[in-house]
Number of protein chains: 2
Amino acid sequence: MSTDGPAPVSRDERRRRTEAAILEAARALFAETGFERATIRAVATAAGVDPALVMQYFGSKEKLFTEATRWAHDQVSVLDVPREQVPAAALADLFETFEGAGGRDGAVALMRSCLTHPEANRTLRDDVMCSVASGVADRIGGEDADLRAGLLAACVMGLGLSRYLLRIPAVSEASRADIERLLEPALRALLGPPDRPAG
Amino acid sequence: MSTDGPAPVSRDERRRRTEAAILEAARALFAETGFERATIRAVATAAGVDPALVMQYFGSKEKLFTEATRWAHDQVSVLDVPREQVPAAALADLFETFEGAGGRDGAVALMRSCLTHPEANRTLRDDVMCSVASGVADRIGGEDADLRAGLLAACVMGLGLSRYLLRIPAVSEASRADIERLLEPALRALLGPPDRPAG
DNA sequence: GGCACCGGTCAACGGCTGTAGAGTGAACTC
DNA sequence: GAGTTCACTCTACAGCCGTTGACCGGTGCC
């Protein structure tokens, strides 16, 4: 309580901290109630600042939301594994996204608002689902590759929705291992028969 | 075009018709934009009446929403088929719910709002998902029956979400038959090994 | 034919929302 | 140490929302 010194926080540092606090509060509130019900006033209160400061930092509620739900493409492992490991990797990616160290609020916030907020809808469909499904389809191959990949993505998203958003007890309270054990074989069936390079 | 007569609509008949028109408009708007963004004024305009009349008929926006998204338990066939037909019946129920003759807007409206509206959330989780999953679990049997049923419900809901709400192209534009052909075997894998009556 | 009823409309209120602009005091620069 | 910058706050506005109560006119009943 003495070695801390007189709080030598520079102006830049303060700005970075409050911006992070606002972003964190926004993520939490967007995740909890969705875009429409989360108000800038509530975000500001949670972050301990004035509502006008939120506007000053992010320009508008829309831009705040976009910033708070930015999707990181690079933490998707399903695009980097051989065909047979796609189902397991897809599940691992889901668990990592929603239970990993990096705050899960951003993902929940995007998903929470994806049915009522036009841009969240577009982002989740195009930048997440279609983008991933397209890569998965390449690994699956065959005539129905696109549909198979789409159905796989749909099932994984259904799991995420049930477990983290709707919180259906049987799915929400199950262990990650149990879900992988039961669901991975089912997703594997979506891949279809093993590769046949030509045909 | 002449035998119609001078529109002999009684007062009761008029009331029933306008109430139905309001309900239909509400379903359509709730389905399109969700509970929060759909306004009573917009519903009234779409139904061709005054906003105050909507209040007079349904009491509040909440009650209007509840009425517009009432869930009919009786059209679920998955609870009336033997174990091996559960996956096919679950898919048939989904297609019937969202593409059947009885307006699909009610189902879309409930689903559209299930992530942001507390009561829609509760209804979809408890009255739809848990209720159905519980019945399915009974048919599946075994140690993990509840989780297996929950995962099956999650996958089917993921399909519905991708096809009718997010409209992911690969899933949305596929034929019902193709989806059944590819997804039914996968869902069948969720049932686990065939019944073993004791054990 | 007079009267009560009721489907329907009009105008308005209070509250909440996103947003804008002026102002303030402490941290930085020279 | 004076002047500037900038994080931050206060106050306010305009618009939209759900909701209400008074009012109007045709319909049904005696």
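A note on names: the letters A, B, ... follow the listed sequences, proteins ahead of strands, and every chain is numbered from 1. Please read these numbers as outputs of a predicted model, since none were measured by experiment.
- Taken to the nearest 0.5 Å, the CG atom of B:Leu161 stands 5.0 Å off from the CE atom of B:Met111.
- Atoms CZ (B:Phe65) and P (D:dG18) sit 13 Å apart, rounded to a whole Å.
- Remark: C1' of D:dT19 and NZ of B:Lys63 are 12 Å apart, rounded to the nearest angstrom.
- Side-chain proximity of B:Thr18 to D:dT19, C:dG8, D:dA7: nearest is C:dG8.
- A straight line from CD of B:Glu19 to C1' of C:dC6 spans 14 Å, rounded to a whole angstrom.
- For B:Gln56 and D:dT20, the CD to C1' distance is 11 Å, given to the nearest whole Å.
- Between the side chains of A:Glu119 and A:Thr66, at least one donor-acceptor pair of N or O atoms lies under 3.5 Å.
- In terms of modelled atom types and a separation under 3.5 Å, the side chain of A:Arg27 and the main chain of A:Ala68 share a donor-acceptor contact.
- A:Arg181 CZ: more than 12 foreign heavy atoms inside a 6.0 Å radius.
- Shown here for B:Arg37 and A:His117, the closest heavy-atom pair between the two residues is NH2-CD2, 3.5 Å.
- In this structure, A:Tyr57 reaches the sugar-phosphate backbone alone: every heavy-atom distance under 4.0 Å involves primed, P, OP1 or OP2 atoms, never a base.
- Between the P atom of D:dG18 and the CG atom of B:Asp50 lies a distance of 14 Å, rounded to the nearest Å.
- Side-chain atoms of A:Asp93 do not come within 3.5 Å of backbone N or O of A:Val76 as any donor-acceptor pair.
- For the pair A:Leu64 CG and C:dG18 C1', the computed distance is 12 Å after rounding to whole Å.
- Take the nearest nucleotide of DNA chain D for B:Met55 and for A:Arg14: the residue whose nucleotide is more 5' is A:Arg14.
- In this structure, B:Asp12 and A:Ser60 both approach DNA chain C, and ranking their closest nucleotides by distance from the 5' end singles out B:Asp12.
- No more than 12 heavy atoms of other residues, nucleotides or ligands shown are found within 6.0 angstrom of CZ on B:Arg14.
- Taking a 4.0 Å limit (strictly below) on heavy-atom distances, residues 25-43 of chain A reaches DNA chain C at A:Ala38, A:Thr39, A:Ile40, A:Arg41.
- Rounded to an integer number of Å, the gap from A:Leu53 CG to D:dT9 P is 6 Å.
- The B:Ala52 side chain lies nearest to C:dC10 when the options are D:dA7, C:dC10, D:dG28.
- Counting to the nearest Å, the P atom of C:dG7 and the CZ atom of B:Arg16 are 12 Å from each other.
- Residue B:Arg11 has its side chain nearest to D:dG26 when only D:dG26, D:dT9, C:dG8 are considered.
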